Each structure stands twice: as structure tokens, then as C-alpha cells.
Amino acid sequence: MRLALRELVRRPGRFVTASVVLTLIALLLMFLGGLLDGLIRSQTGALRAQDAQAIVYSDTAQASFVRSRIEPGLRAEVEAVEGVREVGGLGLVQLGARVPGRGPRDLADVALFGYELAPDGVPPVPGPGEAYADEVLKADGIELGMTIELGPARSPVRIVGFVSDTSFNGQGGVWAAPATWRDVLSANRPDARLGDGVFQALVVIGDEHVADAIDTATAGRTDSYTIDDAVEAIPGVTEQRATFNQIIGVTLGVAVVVIALFFALITVERLALYGVLKALGARSATIFAGLVAQAVSVTAAAALIAASAAVALDAAIPPGSVPLDVTVSRVVTSIVLLLLAAVAGCAFSLRRVLRVDPASAIGTNS
Amino acid sequence: MSALHMSDVRKVYRMGDGSEVVALDHATLSVDHDEIVALVGPSGSGKTTLCSIAGGILSVTEGRVVVGGEDITEHSSPALTRFRQSKVGFVFQSVNLVPFLNARENLLVVDELGPRRRSAARQRADQLLEELGLTDRAKNLPSELSGGQRQRVAIGRALMNDPDLVLFDEPTSSLDTALGEQVMELIRSEMKQRDIAAVVVTHDDRITRFCDRTVEIVDGHLAA
């Protein structure tokens, strides 16, 4: 193995092509993963931020706020379920917001939530007509103390603070009192107007398995989810994740092929040398381990360069534009997958290494 | 005790069409511990096959092979690998040094492939380089050495594991006459000085005078 690593150090030029190609593949892998994480983050932040054990929709809602209605009577039934400690109403309306200083058609997409229980990172319910805005909305020009106008009715809401990672369906979260949300909903979506005490969903703090208990207690008139399940149930999330993961899988496949082809070529070039080493007493395992060490080293170097580039890219892209979110776990996962691809790619050369005949070093035909 | 004893050895290759090619036919050969034997014969006569069998690279179809007191006739492939690490040295026809290692590291390769002796191996490598007159070329890559110097490095590598037998495969084929004779003189003096047996495969009659004995091989048959 030391022999192989010494070759890597002394003859780096031989590995430049593979390193460059693998760096680009690693960057693509991390960029795709970052895009997936960024998209999912921008779609699910409002639910991930809920510091609760269950989200309760009405039975026919299919995990959609728009289709869900929770009447006060049903809420009382939920509150009475054993294991439920606290219940808060949650309502949503998605609208375009006019931002002072921007054109009348240059709307910021916002998801206005009316909430009773404050999610993680969101302060307690603000006063009437006030709201906390997600910091991604800063990219749309929204500033502290600014009054934005929501929807066709131009309902005014004053921004009194910023929160982070609370977007929903790609729209920046705006968090207001239930009364504010209800007024904005009535003014801009008269067809979806809700009476006092009616919410679209309930946020439940309680025991770990309280979601199942709620649906049983309400005889199926509720459709309850754990927070993780509610996140996955948001329309489009699972499909996006599956699509991106397939693209990432194909990219990894390309990485395996590149590594396999490159090291197969190197193996063919070295058959004479391997024959000599075997004649001198090298085991096939030693030679193959050297090959794997080279592939892993080249791939690790490429992955680290790509990781640096991906982090730099993430830092350079302003919030609210491209939904890129390069996380440590994504980078580490990508590096681990690439290293596994390196080993898998080398495996294609194993048979060739095993078949190297030490007799080839001194020829068998004379 | 013989450094190499081959008795009644046959090597038969089975071809894809079912036919058989006899590369070595009932060959018997003994080489004493300090003896240098030239193995001469035309191309395809079986001399490299014999050399490969003596070096534990090929196994025999029939017969018995003992090197340095170790019977390798029935050795498995891993056992033959261990045998090659410890009992024999090779000097190949085209020298075959590792191109990205310097002269000293090419000697130490032998230690890296087998059981590590580390500092002892480094001392032996330095000692061999000195004895072969290569101390000042120890840090040079093979591409920076002359043909004769590369051959000396290859001899040093063959001696690294303190072998009972060194096998030379056409050691002068890529050298001119004068350099070839110098290399053969070096081989003779190094082998005699260390009491190591050697088999020199060649089809160049001019170098047999540096050997103690010449054995001819024709169509797989040995003739003393």
C-alpha cells in the first residue's frame, strides 16, 4: 500500500485527469444534494419548526391546510384525549405581498400563519396586525418595522421581527396572531372564510404516540401525523426527494464507472509491474489494497476540493434566490458515498489483478 | 546440501483445444550452494519454465523440487508466495525496477512485500548499495541510472532477502558486450562472495565462461 501511495505522491500527473473528473462529479453530487435539502427546507420549515408531537388535520384533508377544518367541538375532543397536554390552533393562507419600494407587480410570496403555540425560534404570538417574517423574505426587500400588504385586499401587516427556517411550500413564513390570520383570510379568500374558533389544523403537545390516540378518540374524524410524517405528507415533498435521489444515484453510478474505467486502465498499464511484484513475493491482496488506497485517496482529495467549492457556492448565493442548502451531513454523506464508489469502482479491477501471473515477469514462452 | 534440487520434473501445459505441450520433460538438476550454473538453449526450449519452477513461480506437473532445503513441490499458491519472499532472488531480463522508486527504495520493496524488518532492511539495503558501488546513486530514479547501474540495483534487490538461490533471466541481453561482461563479473563475484547459488538463463554462449557449469536444455530435455 505504501508503494501505491508513494506513486501517488511522486507521479501526481498520472492522476490529474481522474481527479478533475471526480472533483466535478463530487461537486455535482453535493450541489444536487444541496438543492434537494434547500428545496425540502423551503417547503417544510413551518412544520419542522413545530415543537410538538402531532399535527392534526380533519379527516378528508389529506394533510392539506387548504382542505382542512377543525371546529371547536372537534378541538375539544382532541384536548380531552389521554396523553394530550396542550393544543394550539394553526391556520395558513398563501398570498402575494406588496413590499414598499418595489413595483406593484413585484410581489413577495408569503405563507401567513396564524398560531397559538409558538414553534421553535418563533416568539410568542404578536399583537394584532403584527407578524414575524422569515429571514428569506429579506431577499424580497422586507425589513424590520415595514408594513407589507397581503393579497388582493392589500391587508396590512407590520413586520416586528425575523425568524429563520419557517418557510412553507417555497414561500417565506409570516407568523401572526390567529385573529390577524383570520382577518387576512376573510379579506382575501372570502370563499375560504372560517368562523371564530375554527382552525385548519391543530398542533398537539403530548405523549410520543398521541397521534394514533387522537384519531381513535375522534372516531376517524381527524387525520393526525407525527411531525416527521406531516413533513413527508406535504404534497410534492416525497416526489421531489425521490426524483433528486434518483439523479444523485445516477451521478454516483457515473462516479463508479469513471473510477472503474480509470483504474482498470491503470491496472492494464501496470500488468508487467504487477507481474514483477508478484514474482518478488507480493500477494494479490497487497496489490489490490494499493489500488484501492490510490482510488480512495484520489476520490477523497476530489471530494474535499468539491466540498470546499460547494460551501463557497452556498455562501456566495444570496438567501431567497437559489434554494441551495449545503449542510455538514450532506457533505459528509456525499464524501462517504464517493469513497464507497471508489472501492466499488476498483472492484472491477480485482479480477485482473488476481489473474496477473508472476511468471509473466520472466516470460513463459522461451 | 544443494541449493536447488529438481528431480524428474515435468511441466505440461494443457491448451484450450485439449492438446498438451510438454515444456519440461523429466528434468533433473542439482545446484550446489555456491555454484553458478548457466542454463543455455534456444528460444522455446523450456529454460524459462525451468527457472520459473525453481523460483516457485510455476508448480510442477510431476517430479520434486527442493530449494534451500525446502520442498516446494506441493506448496499452495500462498505458500509459494511466502517462499519467494524469503528463499529466492530474481533478476529479470529487462531489469524491471519500479520506475517511481529510487535505487534504495527499489531494494526496500522486497521488505515491504514480505514480513517487515524495517531498520534491519534499511541497513541491509545501504550495505548492498555500498558493496555494489551505488551509494552515491541511492537517491536516483531508475531513469537517472545507466544500464549497468540499473542491473546492479536489480542484483541488489535480488540479494535483499538473503536468498539461497538467485535466478538470472538473460541478465546481459540488453547490454553491449563490454558492459555484459562487467555485469557477469559482478554477478560471479557477488554470488561467490556470499556463497549463494545462481542459475543464469541465457542463450549467449559468451557469458557461460563466467559460470561454473553449463547445462543445455533442448525441447524441455536437460543435457549436462
Side-chain angles (χ1 to χ4, degrees), chain A residues 1-19 263 265-295 297-298 350-366, chain B residues 11 13 23 39 41-53 55-58 77-78 80-102 105-106 108-116 141 154 157-158 160-161 167-170 201 203 217:
Chain A
M1 193 178 295
R2 284 182 61 197
L3 194 64
L5 294 177
R6 216 176 279 151
E7 182 186 18
L8 206 57
V9 172
R10 302 240 173 114
R11 292 179 145 186
R14 295 194 75 189
F15 301 91
V16 164
T17 308
S19 301
F263 282 94
L265 193 64
I266 280 200
T267 303
V268 169
E269 281 179 7
R270 292 174 181 154
L271 288 179
L273 176 62
Y274 289 164
V276 169
L277 293 177
K278 280 194 174 183
L280 294 177
R283 294 177 302 134
S284 293
T286 306
I287 293 172
F288 183 66
L291 202 65
V292 171
Q294 285 183 338
S297 301
V298 168
L350 177 59
R351 190 164 159 264
R352 206 177 286 272
V353 170
L354 289 173
R355 290 179 65 181
V356 171
D357 187 352
S360 65
I362 54 174
T364 53
N365 297 324
S366 65
Chain B
K11 179 65 183 177
Y13 292 104
L39 186 63
S43 294
S45 59
K47 55 186 186 295
T48 300
T49 299
L50 187 147
C51 200
S52 300
I53 288 171
I57 286 176
L58 291 176
S77 180
L80 283 175
T81 298
R82 285 192 295 277
F83 161 77
R84 292 198 299 274
Q85 288 170 355
S86 59
K87 288 283 175 80
V88 290
F90 290 97
V91 176
F92 305 105
Q93 186 171 351
S94 50
V95 181
N96 276 324
L97 299 177
V98 181
F100 52 85
L101 299 182
N102 63 35
E105 290 165 342
N106 260 290
L108 288 169
V109 157
V110 176
D111 184 55
E112 286 185 22
L113 299 178
R116 303 296 302 272
L141 294 173
R157 182 174 67 182
M160 264 301 284
N161 56 352
L167 300 158
F168 293 87
D169 183 25
E170 310 266 8
V201 173
H203 52 239
I217 182 167

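Keep in mind the model is a prediction, meaning the values are calculated, not measured.
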- line: Given A:Ala282, A:Gly275, A:Ala272, A:Ser284, the one with more heavy-atom pairs under 4.5 angstrom with chain B than any other is A:Ala282

task: Could you look at A:Ile287 and say if it's the side chain, the backbone, both or neither that has a heavy atom under 4.5 Å from chain B?
output: neither

field: Residue B:Ile217 versus chain A: region with a heavy atom under 4.5 Å
entry: neither

field: Which atom of B:Val98 lies closest to which atom of A:Leu273, heavy atoms considered
entry: CG2-CD1, 3.8 Å

message: Looking at A:Arg10, I'd like to know if its CZ atom is crowded, meaning that more than 12 non-hydrogen atoms belonging to other residues, nucleotides or ligands lie closer than 6.0 Å.
response: yes

- request: Could you tell me whether the side chain of B:Ile57 reaches within less than 4.5 Å of the side chain of A:Lys278, counting heavy atoms only?
  value: no

- prompt: Given side chains that start at C-beta, do those of A:Arg2 and B:Leu108 come closer than 4.5 Å, heavy atoms only?
  reply: no

- request: Answer with side chain, backbone, both or neither: which region of A:Leu280 has an atom nearer than 4.5 Å to a non-hydrogen atom of chain B?
  value: both

statement: In short, B:Phe92 meets A:Ala279 closest at the heavy-atom pair CZ-CB, 3.7 Å

message: Is any side-chain heavy atom of B:Phe100 closer than 4.5 Å to one of A:Leu3?
response: yes

query: Yes or no on side chain to side chain contact (heavy atoms under 4.5 Å, CB included) for A:Val276 and B:Arg157, after CA distance, side-chain angles and deciding distance?
result: CA-CA 12 Å; A:Val276 169; B:Arg157 182 174 67 182; 4.1 Å; yes

message: Around atom CZ of A:Arg352, are there more than 12 heavy atoms from other residues, nucleotides or ligands closer than 6.0 Å?
response: no

- request: Would you mind checking which part of B:Val109 comes under 4.5 Å of any heavy atom in chain A, side chain (CB onward), backbone (N, CA, C, O), both or neither?
  value: side chain

